[in-house]
Amino acid sequence: MGYRIGTDIGGTCTDSTIMDDSGRVTIGKDLTTYPDFSQGIFDSLADATEDMDVDLPGLLAETDLFLHATSVGENALFEREGAETGLLTTAGFEETLHATRGGYGRWSGLPFEQVKDIINSDKPDPLLPRTSIEGLSERAYRDQIVEELDDQEVLDAVDSLVEDGVESVAGCLLWSFSSPEHEQRIKDLLAEHYPDLYVTVSSDVSPTMGEYERTSTTVLNAYLGPTAEEYLTNLQSTLSEYGFDGLLLLMFSHGGLVTQQDAIERPVGLMESGPVGGLLGSQFVANRRGIDNIISTDMGGTTFKVGVIDDNRIEYADEPMVGRHHYQFPKRDIHSIAVAGGSVISLEEGTNVPQVGPESAGSDPGPACYGRGGDRPTVTDVDLIQGYFSPEHFLGGNKEMDPDRAYEVFEEQIAEPLGKSTEEAAADIYKLTNSIIADLLRETTVEKGIDPRKFTLVSIGGAAGMHATSYARELGIPEVLVPYTASVNSALGLLSTDVTHEHIDVQGIEPPFDPDRINEVFGDLAATAREKLADEGFDADEITLERSINMRYQRQVHELLTPVEQSGRLSQADIAATVDRFEELYEQRYGEGSAFKEGGIEMTEFRVRGVGPLSTPDLQEHPVSESNPERARLGTKDMHFEAAGGRIDGALYDFEDLTPGDEITEPGVVLTPVTTIVVNPGDVARMDQFKNIRIGIQEGSYE
């Protein structure tokens, strides 16, 4: 039997999902291990094999595809453990990286409360000092070389950087997206004279307009490159030692898989690949139930993330950013805030106003109730005080909890200073947490012209199940779907996607639009995409291409990526239909009546997404029987429900003893080996044929 494995390294836990040829899924989870991330991978896989008839070496020996998402890049960035990096740029533009976008750079990426604090806000610390930037006397303009590159000047500049300890070099020259010759020459020179240097140039990693963003992307890529190369090389070596001789593929933030070498050359694509995998996993599960309108909410230990899938379409992020550093690389649109299970609860000094996050207790020491030395209350401790945990059944009975410690630190640090009982204060913090999340959901739906009441909310991540039905109710969302793979859904998402490459050409085309010119641009990009996938072993007849165009109103700055829905050679009518689609998307984003074709529309960037399919078995279905949840009922315990007006006896259900068709109509919790699912009064929870829990919000009655 052949297996495919998906693994994702998160901030607190490492997740794994194993799928066999029949579509049967086995999941594993363990703590993320620092600094050796790979150990957490094999720990989570070992956890999964406990429910299988094969050990870890046997599993890997029979695995064809090992698919991986990792936060190694984010960790290197946040811990400032990337490579010593130097930058080669056009003379006279050495300040671009540090200038950012001027005043915008002082507050971009900050929470709203900090944006208002003008005095104390500042630009993010740059990844390299000004002394590590060398200007080169070359110049291009659009597609013309104005001043030739001096090879010796390049080598002298790199000599100086290397003497200062630089181990990675980024090259970003003006107009390199349309005239890449000089950057490619730099790459060739350094390959010859400095073969041990990691080198990246903007025309390879981000051939797009935007001088600052392109420079930031290239520097970020160079900063992360050596770390990514070492990590992925060691991972491949360790897998081989276990007997794995299949194909290792990495998840990119554009929602597709790439080879190990692609990931080493463009590690910036690994950023936030895990959350994107979670979004794709939500789509995969929901689509199996015929659901195309999806709000995916992912709540783990450190962050809450939301992505919207409208009519089965996932948008790209307008301005990707990591650690307040802008970058230009195709990335699916996911928004996040520092509110999650590990978020520390505190009181603002001087006002005693409760704060949720942004600091996190992480996995070590973790929440106070984990009994690992945590001495500050977290959202998870609040969930315990709410009554939603059953300590003797925590994570299938495999992990211990210390409820007394949770009560102690919460009472001392939160409840007593607020002059409230522990239970009353916990209920307030629980409601506050859900309100913060609901505000983010409004921002990503209502404020973009999307009616959340027409969507299904998919709840993923280890902590989301305890909150999803509450924030869904606040937005009028009628249904919550908690996948069987909820706490490892990002790993499942890897199993559902394909090998993918994004190819970009920057062209400024104004009306009247010439079909021949547009078809020529797309033709060149398509040829490149097909050649790339053919080199990776895909037959011409199985490759699919998706086309899109970035458009904007003339004299505006912000663009909208608009899909080209027609196939084949584009006619004048096809182009007109695409322009109409742009205006529809524009009004959806900015409000009815905001489109103004008479103002002039221009095309700025063309994209072709090449996809090489990896056949994914469909999820295993289980027979559905009449509802009989009593077999899974473990009893009751005291719980708080806002809809009940306080604390009541809530029911405990063991997920492992539920079968498809079972229906829960009373308030309580469903305890799974990897998460806990809250069923509020008036909600109805059902297990479907895939062992997902579907919850109808306020579908039933409660007295």
Rounded distance (nearest 0.5 Å) linking atom [atom1] of [X] with atom [atom2] of [Y]:
X      : Y      : atom1 : atom2 : result
Gln39  : Thr238 : CD    : OG1   : 9.5 Å
Lys29  : Leu45  : NZ    : CG    : 13.0 Å
Thr218 : Gln328 : OG1   : CD    : 9.5 Å
Leu248 : Leu239 : CG    : CG    : 6.5 Å
Thr26  : Glu50  : OG1   : CD    : 12.0 Å
Asp262 : Leu270 : CG    : CG    : 10.5 Å

Look at the side chain of [X] and the backbone N and O of [Y], then say whether any donor-acceptor pair between them is shorter than 3.5 Å.
X      : Y      : answer
Asp55  : Gly58  : yes
Ser336 : Lys305 : no
Arg609 : His254 : yes
Arg4   : Leu65  : no
Thr63  : Leu59  : yes
Ser459 : Leu457 : no
Tyr223 : Gly82  : yes
Ser206 : Ser202 : no

Could you go through residues 274-281 and list every donor-acceptor pair under 3.5 Å that involves a side-chain atom there, pairing it with any protein atom two or more places apart or in another chain?
none

Side chain to side chain donor-acceptor pair (under 3.5 Å), that's the test. Do Gln184 and Ser203 meet it? Break it down for me. CA-CA 8 Å; Gln184 295 302 313; Ser203 51; 3.0 Å; yes

Could you tell me which non-hydrogen atom of [X] sits nearest to which non-hydrogen atom of [Y], and how far apart they are?
X      : Y      : value
Thr200 : Glu265 : OG1-O, 4.2 Å
Gly269 : Phe329 : CA-CE2, 3.5 Å
Ser253 : Met271 : CB-O, 3.2 Å

So, using side-chain hydrogen bond (donor to acceptor under 3.5 Å, both in side chains) as the criterion, who are the partners of Arg80 when residues are at least two apart? none

Can you name the residues that form a side-chain hydrogen bond (donor to acceptor under 3.5 Å, both in side chains) with Asp662, not counting sequence neighbours?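 Counting only residues at least two positions away or on another chain, Asp662 forms a side-chain hydrogen bond (donor to acceptor under 3.5 Å, both in side chains) with Arg631, Thr659.
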
Is it true that [Y] and [X] share a donor-acceptor pair across their side chains at a distance under 3.5 Å?
X      : Y      : result
Asp333 : His335 : yes
Asp20  : Ser22  : yes
His467 : Asp383 : yes

Please confirm whether Arg607 makes a cation-pi placement over Tyr316, using NZ or CZ under 6.0 Å from the six-membered ring centre and within 45° of the ring normal. yes

Answer yes or no: is there an ion pair linking [X] with [Y], defined by an N-O contact shorter than 4.0 Å?
X      : Y      : value
Arg289 : Asp688 : yes
Asp204 : Arg266 : no
Arg332 : Glu315 : no

Test side chain to side chain donor-acceptor pair (under 3.5 Å), reference Asp8, set Ser490, Ser44, Ser16, output is Ser490

